[in-house]
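First up is the structure itself, then whatever we jot down about it.
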2 protein chains.
Amino acid sequence: MIKVVITEDNNTIREGLAALINGTPGYSCVGAFSECESFLAKIPTLPADVVLMDIGLPGMSGIDGIVKAKKMRPELNILMLTVYEDSQTVFKALCAGACGYLVKKTPPARLLDAIKDANDGGAPMSSLIARQVIDVFKQTQGKQNEEKDTELSSREKEVLTSLSDGNNYQEIADRLFISVDTVRHHIKNIYRKLHVHSQSEAVAKAIRKGII
Amino acid sequence: MIKVVITEDNNTIREGLAALINGTPGYSCVGAFSECESFLAKIPTLPADVVLMDIGLPGMSGIDGIVKAKKMRPELNILMLTVYEDSQTVFKALCAGACGYLVKKTPPARLLDAIKDANDGGAPMSSLIARQVIDVFKQTQGKQNEEKDTELSSREKEVLTSLSDGNNYQEIADRLFISVDTVRHHIKNIYRKLHVHSQSEAVAKAIRKGII
DNA sequence: GGAAAAACCACACACATGTGCGGTTTCCAA
DNA sequence: TTGGAAACCGCACATGTGTGTGGTTTTTCC
């Protein structure tokens with residue numbers, strides 16, 4: 001039995017969703033609220049698995065509601081309810097902790113599927129938004145794989161990583177079983193390759209480029 | 001008419017897919033290869049919209065194939081074909097430029113849907129993988145929004161940012177119109193707040209936490 | 001088999017940094 | 001109105017860092 005909570009200000013939609021959920025075997029609506037505040041107040045005593053949360057709510061926005069709800073109950077699976085698939089809003093909500101979303105006109109069968117999906121650890125969303133997420137994902141994650149232009153040797157990367165962990169030259173030398181002068185040598189080369197002149201700048205550049 | 005190319009070493013699967021695609025109105029298989037190399041050689045003359053690419057190929061791996069294919073034709077929509085939903089492999093492929101994937105046992109109807117989806121700019125994938133992508137996405141993207149716990153004052157952030165740009169104490173002092181000793185003082189406080197003891201560690205931590 | 005690249009080692013010296021201590025002024029909120 | 005936080009300033013000293021120079025050995029690749 002999947003226990004669902006609804007937070008949605010439109011009475012018709014809220015009650016319609018509740019009726020659908022309660023009318024389906026295996027699903028149960030354990031709470032329905034018209035704004036975030038009262039939902040958040042009840043969280044501690046709600047045995048919820050999945051939360052359907054409208055984004056455009058009066059008072060506290062659904063995004064802030066997600067953040068606060070996740071703080072209290074990190075294991076909650078929160079699905080946004082939106083009218084349009086505005087990628088910026090969806091992004092923000094995903095970052096806030098939502099695990100997927102539903103457009104409000106989603107047919108009942110798919111809606112129930114999505115709830116089950118979320119409960120099973122999935123992230124139900126349209127493949128259009130998924131594509132946008134992936135595009136951003138690639139930009140940030142992909143760096144580790146490509147970016148062979150600034151080629152640091154693996155040894156140099158080790159040194160730089162150790163440096164970013166707060167080790168000084170002597171400590172790096174001890175860790176890598178080399179002499180301090182060799183560490184110094186590697187760092188000199190790292191500076192040359194990255195076109196920098198200090199530890200901080202090197203570390204900043206390396207992290208931003210995804211090298212370390 | 002969606003023009004599809006298949007790269008898959010298993011003859012049965014490859015020919016099955018081709019037959020399915022050619023047998024469906026609106027779809028056409030314009031090429032079928034058993035390994036990356038010959039597919040890549042033909043790319044320039046192939047009017048392809050969507051590519052189905054097996055990951056576990058003999059010779060060049062599907063991942064490398066994706067990278068090369070994308071270099072030649074960035075607008076290609078490439079769908080991976082996998083047996084298992086191994087998240088590491090799928091991640092790599094997404095970073096390489098794939099826009100989604102299909103498990104090989106996908107029923108024909110869903111397979112055709114996915115191809116259409118990819119062609120329309122979507123990213124067909126299971127919501128389980130989508131969830132994993134989002135989790136990583138959150139880690140990297142979300143930082144800018146949350147993370148107010150480690151509160152550096154705005155002045156301290158200025159100092160730290162300047163430091164990460166490669167300035168030394170004197171240069172930071174000049175830029176912010178304060179004395180070197182004050183810079184020193186700020187950095188001392190930054191170290192205390194971030195629990196670090198060197199520039200590099202502070203910069204690394206700050207960037208990773210999204211503070212600067 | 002020879003060249004290139006990577007990793008290794010060493011010394012010297014000016015300068016930057018990290019850390020200890022001491023302080024003042026200003027501003028905001030309890 | 002008072003106490004705390006932020007921003008500011010100053011001094012002293014041990015240690016770390018950046019840069020120059022000179023090398024050797026091992027691995028990798030054509």
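Residue numbers start from 1 in every chain, and the chains themselves are labelled A, B, ... in the order their sequence lines are given, proteins ahead of strands.
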- Task: Taking all heavy atoms of B:K116 and all of B:Y27, pick out the closest pair and write down the distance.
- Result: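 Closest approach of B:K116 to B:Y27, heavy atoms only: CB-OH, 3.5 Å.
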
Nearest-Å distance for atom pair [atom1]/[atom2], residues [X] and [N]:
X	N	atom1	atom2	answer
A:K188	C:dC9	NZ	C1'	11 Å
A:E158	C:dA6	CD	P	14 Å
A:I178	D:dT25	CD1	P	18 Å
B:I190	D:dA6	CD1	P	12 Å
A:I187	C:dC9	CD1	C1'	15 Å
B:R192	C:dG20	CZ	C1'	15 Å
B:D174	D:dC8	CG	C1'	16 Å
A:I172	C:dA7	CD1	C1'	16 Å

Per [X] side chain, nearest of listed nucleotides [options]:
X	options	answer
A:S179	C:dC9, D:dT19, C:dC21	C:dC9
B:K193	D:dG10, C:dA7, D:dA6	D:dA6
B:S153	D:dA7, C:dA6, D:dG10	D:dA7
A:H197	D:dC9, C:dC11, D:dT19	D:dT19

- Who are the salt bridge (Lys or Arg N to Asp or Glu O under 4.0 Å) partners of A:R184, not counting sequence neighbours?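 So A:R184 forms a salt bridge (Lys or Arg N to Asp or Glu O under 4.0 Å) with A:D181.
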
- Residue B:K68 excluded, over 12 heavy atoms near NZ under 6.0 Å: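 No, because the 6.0 Å sphere around NZ of B:K68 holds 12 heavy atoms or fewer from other groups.
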
- Are there more than 12 heavy atoms of other residues, nucleotides or ligands under 6.0 Å from atom CZ of B:R110?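 Open.
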
- Query: Do B:D54 and B:K104 meet the salt-bridge criterion of a basic N to acidic O distance under 4.0 Å?
  - Reply: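 Salt bridge flag = yes for B:D54 with B:K104.
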
- Query: When you check the side-chain N and O atoms of A:N167 and A:S162, is any donor under 3.5 Å from an acceptor?
  - Reply: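 The criterion, which ignores hydrogens and geometry beyond distance, is satisfied for A:S162 and A:N167.
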
- Verify the contact: side-chain N or O of B:T182 to OP1 or OP2 of D:dC9, cut-off strictly under 4.0 Å; return yes or no.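 Looking at the OP1 and OP2 atoms of D:dC9, one of them is under 4.0 Å from a side-chain N or O of B:T182.
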
- Check whether any side-chain N or O of A:E15 sits under 3.5 Å from a backbone N or O of A:T12 as a donor-acceptor pair, and report yes or no.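 Judged by distance alone, no pair lies under 3.5 Å.
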
- Item | Donor-acceptor pair (no angle test) under 3.5 Å: A:H185 side chain, C:dC8 base |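 Such a pair exists between side chain and base.
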
- Residue closer to the 5' end of DNA chain C, A:D181 versus A:H186 (nearest nucleotide):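 This one resolves to A:H186.
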
- B:S154 near the nucleic acid: base, sugar-phosphate alone, or nothing, with a heavy-atom cut-off under 4.0 Å?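 Sugar-phosphate contact only.
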
Look for any protein N or O under 3.5 Å of an N or O in nucleotides 13-17 of chain D and output each such pair with its distance, or none.
from	atom 1	to	atom 2	distance (Å)
D:dT17	OP1	A:Q199	NE2	3.1
D:dT17	OP2	A:Y169	N	3.0

